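Take a look at the structure below.
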Amino acid sequence: MTCRESRQDGFTLVELLISLALLAVLSAFALNALTFVKRIDRAEQELTDNSASESSFRYLRQAIGDTRVVFQAGSDGSSFIKFAGGSDRLSLVTVSSDATETGGLYELSFVVDEKRQLVSQRQIYRPNEDSGDVSVVPLISDVSNVSFRYFGNPSLGGTGAWLELWERPDALPFLIEVSITFMDPSRPSPPRMIVPVEAAR
């Protein structure tokens, strides 16, 4: 009797193997579930990033397209359009595009900051006086480089070619091209954006 009772107290080899098999199956399910959750998180992050990028590109396109012809007096008595087109920086005057703004004209500069973000530096435009505080709005992160090019309207004295710098004080470019590359080489660069400037037509 004592020998038979001691056999019934422990696990048999078959029971132990079945338990291990069940544990392996449950571990595989748990690993698959964890991988699936990570994929969902990655997909949600990509959707969020893409949505933010799309919104930023829309804002960039609208601000550039709505550039205004605003003349400013120089120190020598001459006048020039307040527009500075560089290869890696763009400054312009455009209309308010946000319902939370006060309306009117805004002076904007688009540049990559030290955090590798494409930002919009914004301030209310007031001719021939200090425009006050500058607010910085991050647009796109992880930016390696942003470049701008300018195309003059040939019918209005433009060269009919793409230029790295816009130096005409009396006219706006007909088209502005924006190209962006990212720090992460696996992240595809967005297609170049070519924006027609309505006021230059």
Side-chain angles (χ1 to χ4, degrees), residues 1-66 86-92 94-102 106 108-123 133-149 162 164 175-196:
M1 294 289 292
T2 305
C3 183
R4 186 178 299 169
E5 288 175 0
S6 65
R7 284 181 191 165
Q8 293 175 353
D9 287 343
F11 290 103
T12 66
L13 182 58
V14 173
E15 291 172 334
L16 188 59
L17 290 173
I18 291 173
S19 299
L20 290 174
L22 288 173
L23 182 61
V25 170
L26 291 174
S27 298
F29 277 129
L31 185 60
N32 286 338
L34 185 60
T35 303
F36 184 68
V37 168
K38 285 183 178 178
R39 285 179 182 170
I40 289 177
D41 285 344
R42 192 179 304 118
E44 286 181 348
Q45 186 62 43
E46 287 177 359
L47 284 173
T48 301
D49 291 344
N50 289 338
S51 177
S53 294
E54 287 295 325
S55 175
S56 296
F57 282 123
R58 272 196 308 272
Y59 169 76
L60 195 60
R61 182 181 293 277
Q62 181 179 354
I64 293 173
D66 286 340
S87 60
D88 60 355
R89 183 186 184 96
L90 172 62
S91 297
L92 51 87
T94 188
V95 294
S96 170
S97 61
D98 192 332
T100 61
E101 293 173 347
T102 58
Y106 276 76
L108 303 183
S109 292
F110 298 104
V111 66
V112 176
D113 68 4
E114 65 279 358
K115 297 179 182 177
R116 308 314 302 175
Q117 299 179 112
L118 176 63
V119 299
S120 168
Q121 300 170 341
R122 308 161 48 83
Q123 57 186 339
D133 294 334
V134 177
S135 63
V136 178
V137 180
L139 298 177
I140 303 171
S141 60
D142 193 39
V143 173
S144 171
N145 182 57
V146 61
S147 62
F148 300 98
R149 293 199 308 163
W162 285 103
E164 301 294 326
L175 301 171
I176 298 177
E177 178 190 89
V178 185
S179 299
I180 296 173
T181 55
F182 295 112
M183 298 288 290
D184 184 359
S186 65
R187 187 177 177 187
S189 298
R192 64 178 184 164
M193 179 191 305
I194 298 178
V195 184

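What you see is a predicted model; the values in this text were computed from it and never measured.
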- prompt: Please walk me through it: do Phe57 and Ile180 pass side chain to side chain contact (heavy atoms under 4.5 Å, CB included)?
  reply: CA-CA 11 Å; Phe57 282 123; Ile180 296 173; 3.6 Å; yes

task: Before giving the answer on side chain to side chain contact (heavy atoms under 4.5 Å, CB included), spell out for Glu177 and Met193 the whole-Å C-alpha distance, their side-chain angles and the decisive distance to 0.1 Å.
output: CA-CA 6 Å; Glu177 178 190 89; Met193 179 191 305; over 6 Å; no

message: Working note: Asp142 + Asp184, criterion side chain to side chain contact (heavy atoms under 4.5 Å, CB included); need CA distance, chi angles, decisive distance, verdict.
response: CA-CA 7 Å; Asp142 193 39; Asp184 184 359; 3.6 Å; yes

field: side chain to side chain contact (heavy atoms under 4.5 Å, CB included) evaluation trace for Phe110 with Ser120
entry: CA-CA 5 Å; Phe110 298 104; Ser120 168; 3.8 Å; yes

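Proximity of Asp66 to Tyr106: side-chain heavy atoms (C-beta onward) are nowhere separated by under 4.5 Å. Within the 4.5 Å cutoff, the side chain of Val111 has no heavy atoms near those of the Asp113 side chain.
The two residues Phe182 and Pro190 make their nearest non-hydrogen contact at CE1-CD, 3.3 Å. Across Ser179 and Arg192, no two heavy atoms sit closer than the pair OG-CB, 3.6 Å. What you find for Arg61 and Ile194 is that their closest heavy atoms are NH1-O, 3.5 Å. Across every non-hydrogen atom of Val143 and Ile140, the tightest pair is CG2-O, 3.5 Å.
Taken from OG in Ser109 to CG in Leu90, the straight-line distance is 7.5 Å, to the nearest 0.5 Å. Separating the OG atom in Ser56 from the CD atom in Gln117 is a distance of 10.5 Å, to the nearest 0.5 Å. Atom CG of residue Leu139 and atom CG of residue Leu118 lie 5.0 Å apart, to the nearest 0.5 angstrom. The CD1 atom of Ile176 sits 12.5 Å away from the CZ atom of Arg149 when rounded to the nearest 0.5 Å.
Counted within 6.0 Å of CZ on Arg116, heavy atoms from surrounding residues, nucleotides or ligands total more than 12; the atom is thus considered enclosed.
A side-chain contact (heavy atoms from CB on, under 4.5 Å) with Ile64 is found for one member of Leu108, Val178, Leu175 and no other, namely Val178.
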